Amino acid sequence: MKENRFDEEKRALRERLKSVMDQVHNQMVKSNRSIDDLRVMAVTKTIDPEIINEAIHQGIALLGENRAQELLEKYEIYDKQGVDIHFIGHLQTNKVRQIADKVCMIESVDSLKLASEIDKEMAKRDSVMEILVEVNIGGEQSKSGIAKEMTEQLLEQISSMRHLRVRGLMTIPPVCEKKEQVLRYFEDMYRLFVDIRAKNMDNIDMSYLSMGMSGDYLEAIQCGANIIRLGTALFGRRSRPVNV
Ligand SMILES: *Cc1c(COP(=O)(O)O)cnc(C)c1O
């Protein structure tokens with residue numbers, strides 16, 4: 001058979017996915033958790049749609065998109081049958097309309113302004129968008145996400161929006177040299193998640209805690225993450241840089 005230019009990449013993907021899933025299984029067992037309690041997301045940025053489709057054929061059922069423009073370019077090509085797409089990047093309010101019918105969840109809601117815009121757009125469509133609130137758990141100036149201390153207030157404001165359904169929290173912790181440091185951020189996040197869940201706020205459901213990327217997904221699982229978002233660990237190093 002003729003070698004396709006993607007064959008090598010597809011083989012590499014298969015091996016990486018197997019290795020990741022072995023480690024994920026081990027960590028779930030170690031953490032006394034059922035494997036059904038975890039969703040593994042493939043983060044698609046910069047990756048060719050043909051490779052994304054291969055990941056889907058190999059069992060990935062959740063895609064994460066960072067940029068509205070890239071999503072629009074690739075959307076039609078994806079084999080979307082049985083696959084959920086979440087938006088995970090910084091979202092400008094003027095892009096909400098473009099992605100509203102293409103994703104089933106927006107994980108990166110971090111302001112009242114963005115929440116209102118999504119609510120307004122979904123109202124027009126007589127529909128509801130599931131969202132996660134993104135928390136800036138490290139309190140970094142440069143990062144998106146709402147401050148930990150402001151999270152509950154934002155949730156209270158969102159709770160009255162009829163066309164949004166909060167499903168949980170998301171975070172991107174600071175880059176950490178040591179595993180103990182990242183564990184501390186993930187533990188902080190889990191505590192926030194559990195505290196908010198215990199408050200049983202109206203219209204606020206705390207089902208998902210989305211944290212953990214290629215460098216720290218095992219620590220995230222250990223700390224209770226139930227969505228992990230993997231790019232590099234599945235697809236290898238990205239050839240072109242991206243603005244997150
Ligand atoms: C790029 C990205 C990821 C995946 O990053 P890797 O380190 O390549 O796994 C996860 N979450 C978000 C929000 C991202 O932008």
Side-chain angles (χ1 to χ4, degrees), residues 9 12-13 15-24 27 38-49 51-52 54-56 58 60-71 73-74 83-92 95 99 102-111 114 130-138 140 142-146 167-179 181-183 185-186 189 208-244:
E9 274 182 66
L13 168 62
E15 279 166 25
R16 289 194 203 98
L17 182 58
K18 184 178 181 317
S19 156
V20 164
M21 290 314 291
D22 284 349
Q23 296 180 62
V24 161
Q27 188 62 56
L38 181 74
R39 302 181 72 185
V40 177
M41 170 192 289
V43 176
T44 63
K45 62 186 173 219
T46 78
I47 308 299
D48 195 286
I51 299 297
I52 300 304
E54 177 66 15
I56 294 169
Q58 293 182 20
I60 289 289
L62 177 59
L63 302 183
E65 295 284 340
N66 277 81
R67 291 176 57 235
Q69 187 54 39
E70 194 174 334
L71 171 60
E73 284 162 17
K74 291 158 133 188
V83 173
D84 283 346
I85 304 180
H86 290 184
F87 196 85
I88 60 172
H90 179 68
L91 184 58
Q92 289 168 289
K95 298 285 171 62
I99 67 158
K102 299 194 168 49
V103 301
C104 65
M105 191 186 286
I106 298 175
E107 296 199 5
S108 42
V109 177
D110 63 354
S111 70
L114 178 57
E130 301 204 330
I131 65 166
L132 303 183
V133 165
E134 180 178 351
V135 180
N136 181 354
I137 196 65
E140 293 169 287
S142 61
K143 270 229 178 101
S144 45
I146 181 101
R167 301 299 315 276
L169 304 177
M170 183 270 235
T171 198
I172 308 172
V175 175
C176 296
E177 301 253 310
K178 300 206 177 77
K179 295 292 182 197
Q181 291 173 310
V182 77
L183 278 171
Y185 289 119
F186 286 154
M189 220 27 230
Y208 289 115
L209 180 56
S210 174
M211 61 184 190
M213 319 201 309
S214 293
D216 52 23
Y217 63 94
L218 296 177
E219 287 76 20
I221 290 173
Q222 186 183 332
C223 296
N226 55 15
I227 298 178
I228 56 173
R229 308 181 308 265
L230 305 179
T232 319
L234 298 180
F235 302 115
R237 289 263 295 280
R238 287 180 282 275
S239 46
R240 107 184 119 83
V242 271
N243 300 321
V244 177

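Counting starts at 1 for both ligands and their atoms, in listed order. Please read all numbers here as calculations on a predicted model, not as lab measurements. We use all heavy atoms of the structure for the numbers below, so side chains are in, but hydrogens, waters and symmetry mates are not.
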- Query: Is ligand 1 less than 4.0 angstrom away from at least one heavy atom of Arg238?
  - Reply: yes
- Task: Examine distances only and state if a side-chain atom of Lys95 and a backbone atom of Arg67 form a donor-acceptor pair shorter than 3.5 Å.
- Result: no
- Check: Ile85 main-chain N/O paired with Lys102 side-chain donor or acceptor under 3.5 Å: no
Closer than 4.0 Å to some heavy atom of [X] - which atoms of ligand 1 meet that?
| X | result |
| --- | --- |
| Arg229 | 4 (C), 9 (O), 10 (C), 11 (N), 12 (C), 13 (C) |
| Ile172 | 13 (C) |
| Thr232 | 6 (P), 7 (O), 8 (O), 9 (O) |
| Ser214 | 6 (P), 7 (O), 8 (O), 9 (O) |
| Leu230 | 9 (O) |

Among side-chain atoms of [X] and [Y], is any donor-acceptor pair under 3.5 angstrom?
| X | Y | value |
| --- | --- | --- |
| Glu54 | Gln58 | yes |
| Thr44 | Glu65 | yes |
| Glu15 | Ser19 | no |

- Proximity of Asn66 to ligand 1 by residue part, where a heavy atom lies under 4.0 Å: side chain
- Within-4.5 Å side-chain heavy-atom neighbours: Leu234 and Ile47: no
- Message: Heavy atom to atom 14 (C) of ligand 1, shortest distance: which of Lys45, Met213, His90 holds it?
- Response: Lys45
